[in-house]
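Since we're looking at a predicted model, the values are computed, not measured. First the proteins, then the strands, lettered A, B, ... as listed; each starts at 1.
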Amino acid sequence: MASMREIRSRIKSIKDTMKITNAMYLISSSKLRKAKKQLSDIEPYFEKIQSTMVDILQHTSELDNKYFDERSDSLKKKKGYIIITGDKGMAGAYNHNVIKLAESVLSEDDENLLFLIGNMGKQYFKQKNVRMNEDFLGIIQEPTVFRARAVAEAAIGLFEARKLDEVYMVYTKMLSSVKIEPQLLKLLPLEKTKLSNYDELKTKYEQIATYEPSPNKVFNHLVPNYIKGLIFGALIESHASEHQARMMAMDSATNSAKEMIKSLELAYNRARQAAITQEISEIVGGAQSLK
Amino acid sequence: MSSTFYLEILSHNRVFYTGNAENLILPVLDGEMGVLAKHEPMVSAICAGEMRFKVNGEWKIAAVGDGFAEIMPEYVVILVDTVELPEEIDVRRAQEAKQRAEEKLKQKENLIEYYHARAALARAMARLKVTGKHI
């Protein structure tokens with residue numbers, strides 16, 4: 001049986017750790033509140049921009065635009081991935097899930113360029129032999145439209161210069177307040193077929209929409225805007241998910257610390273009781289031998 | 001009463017307006033465009049400027065940033081970067097932004113900076129225009 005002193009020092013160390021996890025829980029929950037407000041502000045826009053794009057593409061006839069170019073002529077597709085992770089760990093499986101999903105799609109080819117957002121992704125992919133763009137590392141802390149625009153411009157610029165043939169984004173979606181899930185989203189080139197899996201949507205207007213002033217001009221203006229909106233939405237979703245994950249992880253850590261303390265205190269009391277009993281029996285034994 | 005269509009105006013940070021409208025005037029790439037109910041299906045790019053829409057016979061004015069509009073016979077969806085009512089606009093900030101953008105345009109930096117400055121200038125001008133304090 002462990003001695004009382006040992007048990008006491010263990011209880012103390014667990015209590016110290018619990019203070020940290022509890023503080024992190026409180027920080028995350030207040031940050032989450034802020035992030036959730038931002039999320040609920042942008043959510044209508046984020047969903048509408050996706051459904052509107054589907055709608056628009058359904059009303060579009062064959063179109064020869066640079067953003068729809070499938071690059072079927074290039075044998076080896078150069079792919080770009082925007083990977084959104086957190087800056088810190090201690091968030092349960094949040095970062096791990098994103099990296100796992102990214103890794104599973106990355107292994108298909110070797111000519112990839114990663115746009116890493118968040119420090120955890122950088123730490124992981126640094127050891128691998130991949131090309132990385134680290135210009136946007138810190139923007140997950142405080143996602144803004146301007147930073148999202150910078151990411152979108154970088155990705156679109158490389159796409160237009162044919163340095164990338166396809167652009168994807170890996171982010172975490174908040175499905176409900178307890179469920180978060182990593183997602184893979186294709187940004188470029190736009191695919192008519194893939195975007196139109198929206199069949200439930202009644203296509204009331206079968207006719208082809210017109211474009212003002214011209215289809216090419218409209219899409220050249222619209223697509224960067226669409227991508228910027230998507231990236232910004234994904235940043236906000238990931239940001240909120242990260243705090244959600246950290247809050248849950250820290251909450252369960254605090255709870256298990258409490259449980260450990262409870263069982264250790266029981267053991268401590270037992271040890272203390274045993275020590276007292278032993279002392280009494282020693283005294284009694286000593287007194288009897290004096291008689 | 002004239003016929004109406006369903007209008008949705010959304011920006012990054014809020015749902016600006018949802019409901020019926022009778023008339024809508026948008027700033028598009030080559031000028032302004034008016035939309036009434038039963039408009040032909042159309043997709044249009046919006047550039048920073050002044051947007052007006054008529055609800056119950058009353059015109060409402062707002063400053064919008066870049067974005068796009070999906071126009072269908074029965075509904076219109078407008079997705080823009082920013083949208084503000086005249087009373088929400090900080091005139092001094094807009095004026096400062098305008099000045100900053102003009103200075104930047106004069107410096108002739110690289111092309112991307114030039115586009116950013118031009119867009120910023122367009123936004124600032126749009127804001128100043130709807131507040132009616134346009135110089």
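Contact residues of residues 61-68 of chain B toward chain A are Asp66(B), Gly67(B), Phe68(B) (heavy-atom distance under 4.5 Å).
Heavy-atom contacts from other residues, nucleotides or ligands closer than 6.0 Å to CD of Glu87(B) number more than 12.
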Where do Arg14(B) and Glu88(B) land on the salt bridge (Lys or Arg N to Asp or Glu O under 4.0 Å) test, with the steps shown first? CA-CA 14 Å; Arg14(B) 63 171 160 167; Glu88(B) 291 163 349; 2.8 Å; yes
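Qualifying side chain to side chain contact (heavy atoms under 4.5 Å, CB included) partners for Ser28(A), counting only residues two or more places apart in sequence or in other chains: His243(A), Arg246(A), Met247(A). Residues passing the side chain to side chain contact (heavy atoms under 4.5 Å, CB included) test with Met33(B), sequence neighbours excluded: Glu212(A), Leu26(B), Val28(B), Val35(B), Met42(B), Ser44(B), Ile71(B).
The contact between Asp41(A) and chain B is made by backbone and side chain atoms together, counting heavy-atom distances below 4.5 Å. Leu29(B) touches chain A through its side chain: at least one heavy atom from C-beta onward sits under 4.5 Å away, while N, CA, C and O do not. With a 4.5 Å cut-off on non-hydrogen atoms, Glu43(A) does not touch chain B at all.
Judged by distance alone, the side chain of Asn95(A) and the main-chain N or O of Gly86(A) form a donor-acceptor pair under 3.5 Å.
The closest side-chain donor-acceptor pair between Tyr226(A) and Gln50(A), if any, does not fall under 3.5 angstrom.
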Can you list, pair by pair, the side-chain donor-acceptor contacts under 3.5 Å of residues 5-12 of chain B, counting residues two or more places apart and other chains?
residue	atom	partner	partner atom	Å
Glu8(B)	OE1	Lys48(A)	NZ	2.9
Ser11(B)	OG	Asn13(B)	N	3.4
Ser11(B)	OG	Asn13(B)	OD1	3.0
His12(B)	NE2	Asp81(B)	OD1	3.4

